[in-house]
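First the structure, in the form of structure tokens, and then the observations on it.
Residue numbers start from 1 in every chain, and the chains themselves are labelled A, B, ... in the order their sequence lines are given, proteins ahead of strands.
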Amino acid sequence: MRHRLFDSAVLASVKRKGKQLALVARDGRALLVRLGMTGQLLLVDSIDPTIKHVHASWAVRASGRLRFLLFRDPRRFGSLIPCCDCDAIDSHWDTLGPDALSVTAAQLAGAAKHRRVPLKVFLLDQSAVSGLGNIYVDESLFLARLHPRACARSLADSEWKNLVTCFQKTLKKSIRMGGSTLRDYRTPDGVLGRFQHMHHVYGRSGELCTVCKAVVEREVVGGRTTSFCPMCQNGSTNVGK
DNA sequence: CGTGGCCCCTGTGGGC
DNA sequence: TGCCCACAGGGGCCAC
């Protein structure tokens, strides 16, 4: 079933917290966008009816030029959530921790104080810090030389500081390189990411560590495939504490 | 509170 | 070539 909604709005701003986007109209209404695993926002010159899994599309006029914004999502794990005003966005975003690019080590240390969960689970959860997914948690823990199963509350202040530095560096570098294209990911203009070529551990289990040449291991942590270097990330003293 | 196992879906790649 | 299985950038829910 195709729906046509002849409602229009003037896009005033785009906001983001963690992995969620908000397209905010001048009248205050907003559309919250979560991409899930395979969701894409694409800006195209014309509608190509052979592209599959396009669940929503908008005609977009910018400086006299007509283009189309598409929401495409093969696996349909993403979602579009209409919000009537900014308060509605905030109520969705209140459950998210501070964004990964602005969170402080002190905030993380505070949130982890009584948490006995594995560090990886703590970082993926989105309630202490928002914006880190499976790739960037694994890559950041490698850089910080922390074991994914280290107990969240066991980190020293200096380790939190280092970890924050590591994931912010990782995210900024990936953004500069257009993200990680494993399969579906594209920038809104359809360009492939290049950061996947820089991964140290993600997707490299069985290969040699780029630093110490140990074999990169693969385990399931918190239900997610996890890659790490057993030598560089030898946090055995903190595991389970 | 923490953990593990489902579930939501489609597509792809490997083994036979 | 086809069939079956495992697995994939996320996240919610439920039983234990």
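Counting non-hydrogen atoms of other residues, nucleotides and ligands closer than 6.0 Å to NE2 of His114(A) gives a total of 12 or fewer. Summarising the local packing, CG of Asp85(A) is surrounded by more than 12 heavy atoms from other residues, nucleotides or ligands at distances under 6.0 Å.
The glycosidic torsion of dG10(C) lies more than 90° away from 0, placing the base in the anti range.
In this structure, of dG9(C), dT3(B), dG11(C), it is dT3(B) that holds the atom nearest to the side chain of Pro118(A). Looking at the side chain of Arg116(A), the nearest of the listed nucleotides dG2(B), dG10(C), dG11(C) is dG2(B). In this structure, the nucleotide among dG2(B), dG9(C), dG10(C) sitting nearest to the side chain of Leu182(A) is dG9(C). Checking dT10(B), dG9(C), dT3(B) against every side-chain atom of Arg75(A), the shortest atom distance belongs to dT10(B).
At a threshold of 4.0 Å, the pair Asp125(A)-Arg115(A) does not count as salt-bridged, since none of the basic side-chain nitrogens sits closer than that to a carboxylate oxygen. Using a cutoff of 4.0 Å between basic side-chain nitrogens and carboxylate oxygens, Asp99(A) and Arg16(A) are scored as salt-bridged.
In this structure, Arg76(A) reaches the sugar-phosphate backbone alone: every heavy-atom distance under 4.0 Å involves primed, P, OP1 or OP2 atoms, never a base. When heavy atoms are screened at a 4.0 angstrom cut-off, Gly223(A) is found touching no nucleic acid atom at all. Using a 4.0 Å heavy-atom distance criterion, Asp184(A) is classed as a base contact. The residue Tyr136(A) sits apart from the nucleic acid: no heavy atom pair falls under 4.0 Å. When heavy atoms are screened at a 4.0 angstrom cut-off, Thr225(A) is found touching the sugar-phosphate backbone but no base atom. Across all strands, Arg72(A) comes closer than 4.0 Å to no nucleic acid atom at all (heavy-atom distances).
Here, dG9(C) and dT3(B) have their C1' atoms 23 Å apart, quoted to the whole Å. When the P atom is compared between dC3(C) and dC9(B), the two are found 23 Å apart, to the nearest whole Å.
Remark: the backbone N or O of Ser227(A) is paired with a side-chain donor or acceptor of Asp138(A) at under 3.5 angstrom.
Between Arg224(A) and dG9(C) there is a side-chain polar atom (N or O) within less than 4.0 angstrom of OP1 or OP2. Regarding contacts with the backbone of dG11(B), a side-chain N or O of His53(A) is found under 4.0 angstrom from either OP1 or OP2. Within the 4.0 Å cut-off from OP1 or OP2 of dG10(C), at least one side-chain nitrogen or oxygen of Lys19(A) is found. Phosphate proximity of dC1(B) to Arg115(A): absent, as no side-chain N or O sits under 4.0 Å from OP1 or OP2.
Nucleotide dC8(B) forms a Watson-Crick or G-U wobble pair with dG10(C), both donor-acceptor distances falling under 3.5 Å.
Nearest-nucleotide mapping onto DNA chain B: of Gly222(A) and Lys52(A), the residue sitting toward the 5' end is Gly222(A).
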